[in-house]
Amino acid sequence: MPCIWKLRDRAERPARAEEWARELGVSPLIVDILANRGLSGLGEMDRFLSPGLRHMANPACIPGLEQAARTLAEGLERGLPLAVWGDYDVDGVTATALVLDFLGQHGYQAEHFLPNRLEHGYGLNTEGVRELYDRGIRLLLTVDCGVSDHAPIALARELGMTVVVSDHHLPGADLPQADALCNPRLADNPCADLAGVGVAFMLMVALNKLLPGDPVDVKPLLDLVALGTIADVVSLTGQNRILVKNGLLIIKEAHRPGVAALKEASGFDRFAELGAGQIAFGLAPRINAAGRLGNPQIALDMLLAPNLEAARPLAQQVDGMNTERRSEEEAILAEALAQAEEQLARQPSPLGLVLMAPHWHPGVIGIVASRVVEAHNRPALLLCQEEFVLKGSGRSISEFDLHHGLECCADLLAGFGGHKQAAGLSLAPENLDALRQRFHEAVIEQIGDKPLTPSLKVDGELKLSEIDFNLLKNLELLQPFGMGNPEPVFASPPVQVREHRNFGKNHVRFTLADPEAKVVLPAKAWRMADKFDRDMKGSNMRFAFTPKIDRYKGIPKIELRIKDWNFS
């Protein structure tokens, strides 16, 4: 689809921008970018560029966290056998691993329960609660789930369990009757955007002060926090920026055998320095694949492996699962895009897509939904059938609040939950056609009755001659990039395409030149080869791009990552 380039919102340039740049030791361009992203003073910019752990908020700011920590400490002191109930995605698996690691360092051997996505679905279930009770569990801690699980928590309480819920998902009108419940979404606070693993970390920080003996060093747990936080696509600003920035340093050191083995299986050196993008598209999908294909236990065992000898075979297993997941994803994507084209050919065409095939794999359709949204710039729900129920995942565009949209369809659904940009849902098959109409209406209510043209925000114009290693190292200080802190994108003035050729399945390599400045730089466009319909060699074009330092094979070089282009 054609893409409109929009200049990112501009703030008035600080009067002392040049002075601040000297004090911070960065290019004035970095000060301009930070100002345009809402940072108004030298102190704020310094904290952003150097987000040390000393800037972390007090865990007590999270609603219910102090009570949750006290309840856990009292239960452990009484000798109550503890189990951690997690989730099958990266956030849930890393949160479970974090709590088990922390408790193990304090001398407590806790059990755990990770639901099988294909058998149990998301969250707590009554069968699992009874199983844990029969195994002698009397203290139950949830991580990354629980805030909507009224019936299983009520059953656990009836059986005599003490239940502590830690979650970060949006709560409903009523909260489950747990002994303690902590969730940063319950009230305004600095930790409102934490992922489930971030909440679990803050809970363990508070618990660390209450347990007998010397406190353990919690900093090495930040590798797990970074993995889960990046994978859960929460805002990488504020507290999350501090946690992830420091967690990436721990991942680089690779002290945890499971993380070291996972880096190797993902094609990285064991001690490679990774950015958020490499985590999101390299490490995280392999952990996710285990849960999506029904066996998150393999990923948990890998993260908790005591040595590399134990971790490496497990990392190879999750790598194989990821290969299987990708194959399944491509097959489902082809069918989903065909369905989407059929629906969009109708008049009027739906502004929100609802696609369904009974045989689609429930663990993969969320990823495919993201690809459908990318292709058509419309919110999309993808559904499959499990016995007599349709279950699915939704993804959205930035302008549409998916969770609120599903609230408008709630009377048609058996259940739903999630965030503004991603959600899960279930419904009876007979409600499918009604959902298609109601979802279309929900999109119109929020963004109007005309399809939105995709847009790309750019941070300004940048000449090829202005790009050097010093500037790129300055730009790297803005990492980690993700939601809330997008990677800077620049527009080039007209440049000449010296060479271009396709590689891989759908990628393009360019050689771009500024003849006046006598500068030539390589560039790559990922998954965009199908946008080229003719030979562009010798053409003068403008490109939207992100400049990078490519360290492949250990030799750093400048390379542009192309986001879009147009003819000048």
Side-chain angles (χ1 to χ4, degrees), residues 84-106 108-116 143-144 195-198 200-201 204 216-232 243-244 246-276 278-325 480:
V84 181
W85 189 303
D87 189 24
Y88 45 69
D89 68 0
V90 184
D91 192 15
V93 171
T94 53
T96 303
L98 184 149
V99 173
L100 294 176
D101 186 342
F102 170 83
L103 292 174
Q105 291 185 62
H106 268 288
Y108 299 101
Q109 298 303 310
E111 296 193 39
H112 65 275
F113 190 100
L114 290 179
N116 182 309
V143 291
D144 191 35
V197 68
F201 176 77
M204 295 303 105
V216 303
D217 182 6
V218 296
K219 188 176 179 180
L221 300 172
L222 289 174
D223 57 350
L224 298 172
V225 179
L227 279 171
T229 300
I230 292 169
D232 218 46
L243 291 170
V244 171
N246 287 277
L248 290 174
L249 297 176
I250 306 298
I251 289 174
K252 179 181 185 299
E253 295 168 357
H255 293 307
R256 187 180 302 277
V259 169
L262 181 61
K263 289 171 75 174
E264 293 174 346
S266 304
F268 300 109
D269 181 80
R270 177 180 168 185
F271 299 107
E273 180 178 351
L274 304 183
Q278 292 162 309
I279 300 292
F281 297 104
L283 275 62
R286 287 167 169 79
I287 300 175
N288 240 340
R292 289 183 181 279
L293 299 183
N295 196 349
Q297 186 63 45
I298 294 176
L300 181 67
D301 290 343
M302 175 190 68
L303 292 176
L304 295 176
N307 50 57
L308 276 172
E309 289 69 27
R312 280 175 172 144
L314 297 168
Q316 290 302 317
Q317 284 191 60
V318 298
D319 184 54
M321 288 178 167
N322 191 50
T323 300
E324 180 184 347
R325 188 271 305 167

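Just so it is clear, the structure is predicted and the values come from calculations on it, not from any experiment.
Between the side chain of Lys219 and the backbone N or O of Asn246, no donor-acceptor pair lies under 3.5 Å. Within the 3.5 Å criterion, the main-chain N or O of Gly92 finds no donor-acceptor partner in the side chain of Asp87. At distances below 3.5 Å, not a single donor-acceptor pair connects side-chain atoms of Asn288 with backbone N or O atoms of Asp89. With hydrogens and angles ignored, the 3.5 Å screen pairs a side-chain donor or acceptor of Asp91 with a backbone N or O of Gly196. Checking side-chain atoms of Gln105 against main-chain N and O of Phe102 turns up no donor-acceptor pair under 3.5 Å.
Side-chain contact check for Asp223 versus Glu253: every heavy-atom pair is 4.5 Å or farther apart. The closest side-chain heavy-atom distance from Leu283 to Phe268 is below 4.5 Å. Here the side chains of Leu227 and Ile279 are in contact, with some heavy-atom distance below 4.5 Å.
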Task: Stepwise side chain to side chain contact (heavy atoms under 4.5 Å, CB included) test for Val218 and Met204 - done: CA-CA 8 Å; Val218 296; Met204 295 303 105; 5.5 Å; no

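Residues Arg270 and Ala254 come closest through the heavy atom pair O-CB, 3.3 Å. Of all heavy-atom pairs between Ala315 and Leu262, the closest is CB-N, 4.1 Å. Across all non-hydrogen atoms, the minimal contact from Gly198 to Val225 is CA-CG1, 4.4 Å. Here the closest non-hydrogen pair linking Ala231 and Ala284 is CB-CB, 3.8 Å. The heavy-atom pair separating Arg286 from Asp319 by the smallest distance is NE-OD1, 2.7 Å. Ile250 approaches Pro220 most closely through the heavy-atom pair CG2-O, 3.8 Å.
The OG1 atom of Thr229 sits 9.5 Å away from the CG atom of Leu222 when rounded to the nearest 0.5 Å.
Each of Leu221, Val143, Val197, Leu224 was evaluated against Val99; a single residue qualifies, Val143, per the side-chain contact (heavy atoms from CB on, under 4.5 Å) test.
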